[in-house]
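Each remark here refers to the structure printed beneath this line.
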There are 2 protein chains.
Amino acid sequence: MTSTVSASEPAQSRGKAVPAGGRAKPSIRQQRLEHTRSAILASALGHFSRRGFEGASLRDIAQEAGVQHGMIRHIYQTKEELWRQAIGFLFERMESEMPPEISDLGQGEAPERFRTFIHWYVGYCARHPEHARLMIQQSILEGPELAWTAERYIRGRHQWHLPFIEKLQDSGHLPRVDPISVVLMVTAACQMPFLLAPEILAATGKNFLTQAAIKDHADAVTKIFLRNGG
Amino acid sequence: MTSTVSASEPAQSRGKAVPAGGRAKPSIRQQRLEHTRSAILASALGHFSRRGFEGASLRDIAQEAGVQHGMIRHIYQTKEELWRQAIGFLFERMESEMPPEISDLGQGEAPERFRTFIHWYVGYCARHPEHARLMIQQSILEGPELAWTAERYIRGRHQWHLPFIEKLQDSGHLPRVDPISVVLMVTAACQMPFLLAPEILAATGKNFLTQAAIKDHADAVTKIFLRNGG
DNA sequence: GTTTTCATTATCCCAATGGATAGTGAATTG
DNA sequence: CAATTCACTATCCATTGGGATAATGAAAAC
């Protein structure tokens with residue numbers, strides 16, 4: 001809320017740009033810029049999620065992205081803005097990776113859809129552990145950004161889950177407890193093994209980052225949560 | 001592993017100290033030192049868990065504890081050592097808060113013991129959200145400390161849970177899935193609402209930090225996980 | 001009561017950090 | 001091809017961070 005947030009400026013739109021009709025010219029320069037931009041974003045995601053906002057250094061991020069740290073300022077102006085863009089990128093990528101049969105509501109049997117969702121989501125968490133990590137970093141910080149992220153990205157997902165949970169409760173596939181608790185528990189159960197992968201490996205010797213373990217965990221989540229669902 | 005870790009030096013043992021037989025003299029000086037020591041520890045816990053290892057500043061920690069930052073060096077020598085002690089403190093406090101009927105294994109009916117444990121643990125997570133936060137920070141960092149903590153504090157707890165989970169599976173109170181997954185899911189389910197309390201409040205409007213919500217969540221966890229358990 | 005210990009502060013040091021400014025040279029534009 | 005734009009580098013600056021050292025003064029030891 002502090003400064004003017006533009007958040008999801010869609011890749012190209014800088015410069016005096018394409019006359020009117022849009023599209024058309026990726027222009028070597030813009031291509032390069034886009035390339036650096038995403039290199040920085042990827043690097044930032046890793047650093048922010050691992051070291052936290054203040055722990056991550058712009059110079060380290062820049063170095064990993066193969067640019068000078070001034071470049072970050074050129075593109076994102078401030079560290080805060082880079083952080084915001086990183087969060088925005090996370091959710092957009094998640095959205096884009098989500099197959100349509102999951103995002104489309106209300107089709108098919110509820111338990112079957114639950115299973116499909118869980119399997120997809122567990123895979124997502126395994127692929128991108130930075131997502132959960134970054135969100136936790138942000139939540140813990142309790143900065144003013146939190147309200148913005150919650151409003152913009154999280155509330156929607158939540159609202160989207162709730163009726164689905166209630167439907168499963170109505171059909172007796174889930175116990176009747178506060179749906180909010182259920183959403184949290186499911187989410188947590190899917191994320192945890194990958195969020196803490198290193199710790200779990202050290203403590204139990206089990207490596208969750210294998211195809212087999214990922215699938216098994218997804219099955220486990222489904223079996224634990226679903227009643228009479230097979 | 002880097003430097004010599006003494007970890008749980010039990011409060012007094014400094015100076016040429018008590019001749020031989022131990023105990024006896026709290027001595028004004030030692031009392032004061034102990035007081036400062038725990039003030040620093042408490043402050044450090046908050047800062048480390050919120051900002052991460054590198055994000056937390058010794059000066060800020062010291063200020064909150066009402067001392068000069070040099071004091072920290074006097075007591076803990078390095079930031080790393082303070083971090084270790086903070087982690088050690090967490091687990092010792094957890095141990096000390098755990099009622100005996102929970103730590104004593106094998107007594108009573110398994111489902112009932114599950115319920116008891118969950119209710120205690122959910123309360124613990126609500127009281128001390130820094131615990132989960134700090135452990136996540138540590139796990140994410142993947143520093144060499146992780147192996148040490150896992151070895152010293154986490155492995156044991158895990159080993160302790162597993163047979164219990166298996167017993168519940170044998171009696172049909174839990175589905176037959178990898179017990180490691182179960183432990184993770186249960187843990188995550190208990191921690192999540194408090195780990196992310198601010199975010200959840202912002203996204204759903206529900207405040208989990210009330211006596212009622214805490215109890216409800218514990219009930220929810222029990223109902224979700226336990227079969228035929230009432 | 002004098003000496004010694006040591007919890008605590010007051011400073012100093014230097015590396016690192018976020019940010020700011022002035023280039024620089026290839027791509028773009030006319 | 002000359003003029004201009006702009007992705008990107010090179011530096012500079014003030015602040016902060018962790019760590020080190022010397023000083024202080026009340027408590028402890030003798």
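Note on naming: letters A, B, ... go to the chains in the order of the sequence lines (proteins, then strands), and numbering restarts at 1 for each one. As the structure is a prediction and not an experimental result, all values here were calculated from the model.
- No close placement of the Phe194(B) and His128(B) rings is indicated, their centers lying 6.0 Å or farther apart.
- The distance from atom CZ of Phe48(A) to atom C1' of dT17(C) is 13 Å, rounded to the nearest whole Å.
- In this entry the distance linking CG of Leu33(A) with C1' of dA27(C) reads 13 Å, nearest Å.
- With rounding to whole Å, Ile61(A) atom CD1 is found 8 Å from dG18(C) atom P.
- Ion pairing between a basic and an acidic side chain is recognised when a charged N comes within 4.0 Å of a carboxylate O; Arg127(B) and Glu97(B) show such pairing.
- In this structure, Glu145(B) does not pair ionically with Arg152(B), as no charged nitrogen and carboxylate oxygen lie closer than 4.0 Å.
- In the interface, the side chain of Arg29(A) is paired with the base of dA27(C) through a donor and an acceptor atom under 3.5 Å apart.
- Partner Tyr153(A) forms a ring-ring contact (aromatic ring centres under 6.0 Å, His included) with one of Trp160(A), Phe89(A), Phe91(A) and no other, that one being Phe91(A).
- Across dA10(D), dT8(C), dA26(D), the shortest atom-to-atom separation from the side chain of Gln68(A) is found for dA10(D).
- Here Glu130(A) does not pair with Arg133(A) in a salt bridge; the nearest charged N to carboxylate O distance is not below 4.0 Å.
- Listed by first then second residue, pairs satisfying salt bridge (Lys or Arg N to Asp or Glu O under 4.0 Å) with a partner in residues 201-213 of chain B read Asp178(A)-Lys206(B), not counting sequence neighbours.
- Residue Ser27(B) places none of its side-chain N or O atoms closer than 4.0 Å to OP1 or OP2 of dA27(D).
- Rounding to whole angstrom units, CE of residue Met71(B) and C1' of dA7(C) are separated by 5 Å.
- Rounded to an integer number of Å, the gap from Gln31(A) CD to dC8(D) P is 12 Å.
- Note on ring orientation: taking the six-membered ring where Trp is involved, the planes of Phe117(B) and Tyr121(B) are parallel (angle under 30°, cut-offs 30° and 60°).
- The phosphate of dC8(D) (OP1 or OP2) has a side-chain N or O of Thr36(A) nearer than 4.0 angstrom.
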Using a cutoff of under 3.5 Å, can you pull out all pairs of nitrogen or oxygen atoms linking the protein to nucleotides 15-18 of chain D, with atom names and distances?
residue : atom : partner  : partner atom : Å
dG18(D) : OP1  : Ala56(B) : O            : 3.1
dG18(D) : OP1  : Leu58(B) : N            : 3.2
dG18(D) : OP1  : Lys79(B) : NZ           : 2.8
dG18(D) : OP2  : Leu58(B) : N            : 2.8
dG18(D) : N7   : Arg59(B) : NH1          : 2.4
dG18(D) : O6   : Arg59(B) : NH2          : 2.9

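- Between Gln77(A) atom CD and dT21(C) atom P there is a gap of 14 Å when expressed in whole angstrom units.
- With rounding to whole Å, Trp83(A) atom CH2 is found 16 Å from dG18(C) atom C1'.
- The shortest distance between the side-chain N/O atoms of His74(A) and the OP1/OP2 oxygens of dA7(D) is below 4.0 Å.
- Rounded to whole angstrom, the span from the CD atom of Gln63(A) across to the P atom of dT17(C) amounts to 10 Å.
- Of all nucleotides listed (dT9(D), dA27(C), dA27(D)), dA27(D) comes nearest to the side chain of Arg32(B).
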